[in-house]
Amino acid sequence: MNYITVRGVAIGLGIPKICVPVTEASGGDIVKQAGAAAPKADLIEWRADAFEDVFSKASVNHVLKELRTAVGQRPLLFTFRTEAEGGAKIDVDDYIALGEAAVESGCVDLIDVEMDRGEKAVLRLIDKAHERGVFVVGSYHDFSKTPSEEEMFSRLETAAKGGADILKLAVMPEDMNDVLRLLSVTYKASGVFEKPLITMSMGAMGSISRVCGEYFGSAVTFGQSGAASAPGQFKAASLYHALGFLHRQASEIGPDTKLAGGHIFLTGFMGTGKTSVAYALSKKTGLPVIEMDETIVRREGRSIPEIFEKDGEKYFRRVETDLLREISGDRKETFIVSCGGGAVLSEENVGMMKKKGRVILLTADPETVFSRIGGDTGRPNLKNRNTVEDMAALMAQREAKYRAAADHIIETDHKDMDQIASEILQVLSGQEALC
Ligand SMILES: Nc1ncnc2c1ncn2[C@@H]1O[C@H](COP(=O)(O)OP(=O)(O)O)[C@@H](O)[C@H]1O
Ligand SMILES: O=C(O)C1=C[C@@H](OP(=O)(O)O)[C@@H](O)[C@H](O)C1
Ligand SMILES: [Mg+2]
């Protein structure tokens, strides 16, 4: 698996996620900047090295609490960037203590850990973060040059071996060949490490690396809403449009595939793997993916839990049907459509899917689903469904509709994504009987 889900944001799948750094100096301004940035950001990063009172634990904790409220359901990343890597002066003990305090505050979802800050201390901080359920971005920055490909690769490897959940590399190019080398390492590493990457070539020369992550394997890109936190950053709003444009271009090029029969709609209960399998299938076929939930989140500028909370499930279902109508319009291309788990509950939706393609139902036992997504906060229909029995009950309630809509059924228990994708291709090319 080369993606992780943080508060419902799949880091490593589909369009790169936009992380907006908060760079203000005073507590009040920090919270204001974070609140203003939230709508266009998938993640918010607090650059604590810019905070004027960062050496007071009480002040840091106070700001963290307020930030948690200001960013709502957005994942919050805590970063103290040291002077050696483009930030502020701090000694190693203070760096680790500050990181530990952030992790213990219960307010952050991710922490940036510079892998160069001393092996033992860094590994301790990573362990502590994991004990508290906080994801670790293991980072390395070089503001003066682009190291050799071997060195860049080995930096990522050190972060992976150290237990980081996301591997980050930011380097400075001296010419376009350096940019190419960074992209090349990114592409190679994305096929080797089973963890999402964040890489960038900084400065104006490296700008291209900040928008092409979907193609080369960088999962997150940093966009400014106030001051840039590193050279070459785009404004978050421009990034949002650029990423959408490049993503759409991929869809508009049109597939080169022998598959006939229209779009491939992946349906099934939450956690059966629709989203993951869609991307695995895309790798095999070259067909573009439309991830319905992700598309809705982008357009609405808020997470699914936020949509449910503010406007209710009915509203979400309307938006879902509108999107399906768009997908099912007159288009030359074939898409792999990763549906939300409730999409087939509406007859109108099923009608559109059947008319425009094949419906593949993914199934899994309640125990399997629970082991995959139990405790996930990104799926509002799982709220207060805390046991296998709760999930089984909702699954049973929906079962008939899932099956009635399906052209083919694929069981996913004890199979990996690659195997599931291959089975889908088999049934679609008629090597298996229709169910
Ligand atoms: N076949 C599988 N084997 C192991 N883990 C899986 C499998 N399919 C999905 N998962 C994991 O389950 C979680 C939910 O998968 P996801 O693709 O988001 O499902 P859905 O879109 O159907 O809700 C993810 O953490 C994913 O990595
Ligand atoms: O089953 C459902 O009611 C839902 C499933 C989710 O999609 P996934 O199945 O991909 O989690 C998402 O559309 C929304 O939270 C509602
Ligand atoms: Mg999904």
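For ligands, and for the atoms within them, numbers begin at 1 and follow the listed sequence.
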From CA spacing to verdict: salt bridge (charged side-chain N to carboxylate O under 4.0 Å, His left out), R155, E151: CA-CA 6 Å; R155 294 286 180 177; E151 186 181 337; 3.2 Å; yes

Verdict with reasoning, V359 to K354, per side chain to side chain contact (heavy atoms under 4.5 Å, CB included): CA-CA 7 Å; V359 179; K354 299 286 235 187; 4.1 Å; yes

M152/T146 under side chain to side chain contact (heavy atoms under 4.5 Å, CB included): CA gap, chis, key distance, verdict: CA-CA 8 Å; M152 287 193 276; T146 300; 3.6 Å; yes

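For V277, no heavy-atom contact with ligand 1 is shorter than 4.0 Å. Looking at K415 against ligand 1, only its backbone comes within 4.0 Å, counting heavy atoms. At a heavy-atom distance under 4.0 Å, only side-chain atoms of Y3, from C-beta outward, approach ligand 1. With a 4.0 Å heavy-atom cut-off, ligand 1 is reached by the side chain of I420 but not by its N, CA, C or O.
Taking any N or O of D293, backbone or side chain, at least one lies under 3.5 Å from an N or O belonging to ligand 2. Taking only nitrogen or oxygen atoms, main chain and side chain alike, S276 reaches within less than 3.5 Å of ligand 1.
Scanning G268, G273, G340, A280 for the heavy atom closest to atom 9 (C) of ligand 1 points to G273. Nearest-residue assignment for atom 6 (C) of ligand 1 (options R372, E411, H414; heavy-atom criterion): R372. Between atom 21 (O) of ligand 1 and the options T412, T275, N2, the minimum heavy-atom separation is to T275. With atom 1 (O) of ligand 2 as the reference point, the heavy atom nearest to it among R379, K274, E313, R398 is part of R398.
With N349 contributing its side chain and T321 its backbone, the two residues share no donor-acceptor pair below 3.5 Å. Counting only distance, with no hydrogens or angles, the side chain of T412 and the backbone of T363 share a donor-acceptor pair below 3.5 Å. With K195 contributing its side chain and A164 its backbone, the two residues share a donor-acceptor pair below 3.5 Å. With hydrogens and angles ignored, the 3.5 Å screen pairs no side-chain donor or acceptor of K401 with any backbone N or O of Q397. Side chain of R181 to main chain of P147: a donor-acceptor pair is present (N/O by atom type, distance under 3.5 Å, no hydrogens or angles). In this structure, the side chain of E291 engages the main chain of E294 through a donor-acceptor pair within 3.5 Å.
Distance from atom 15 (O) of ligand 2 to its nearest protein heavy atom, with residue and atom name: P380 CD, 3.5 Å. Summary of contacts: the protein heavy atom closest to atom 16 (C) of ligand 2 is R317 NH2, 3.8 Å. Protein heavy atom closest to atom 5 (C) of ligand 2, with residue, atom name and distance, is G341 N, 3.2 Å.
Atoms of ligand 1 lying under 4.0 Å from any heavy atom of R379, numbered from 1 in the order shown and given with element: 14 (C), 16 (P), 18 (O), 19 (O), 20 (P), 23 (O). Heavy-atom proximity to I373, at under 4.0 Å, picks out these atoms of ligand 1: 13 (C), 14 (C). Each of the atoms 22 (O) of ligand 1 lies under 4.0 Å from some heavy atom of F269. Close approach of ligand 1 to M270 (heavy-atom distance below 4.0 Å) involves ligand atoms 23 (O). Those atoms of ligand 2 with a heavy atom of F316 less than 4.0 angstrom away are 13 (O). Atoms of ligand 1 lying under 4.0 Å from any heavy atom of T272, numbered from 1 in the order shown and given with element: 22 (O).
The aromatic rings of Y95 and F80 sit perpendicular to each other, their planes meeting at more than 60°, with 30° as the lower class boundary.
The only member of L183, I208, L182 that meets side chain to side chain contact (heavy atoms under 4.5 Å, CB included) when paired with S201 is L182.
Sparse packing is recorded around CD of E411, with 12 or fewer heavy atoms of other residues, nucleotides or ligands lying under 6.0 Å away.
Counting only protein N, O or S atoms, the number found under 2.8 Å from the Mg ion (ligand 3) is 1.
Considering only residues two or more places apart in sequence or on other chains, D365 meets the salt bridge (charged side-chain N to carboxylate O under 4.0 Å, His left out) condition with none of them.
Ligand 1 is approached by G271 to a heavy-atom distance shorter than 4.0 Å.
D293 is not listed as a side-chain neighbour of T275, based on a closest heavy-atom distance of 4.5 Å or more.
At least one cation-pi condition fails for R210 and F234: the charged atom is not both under 6.0 angstrom from the six-membered ring centre and inside a 45 degree cone around its axis.
Separation of the F193 and F153 ring centroids falls under the 6.0 Å cut-off.
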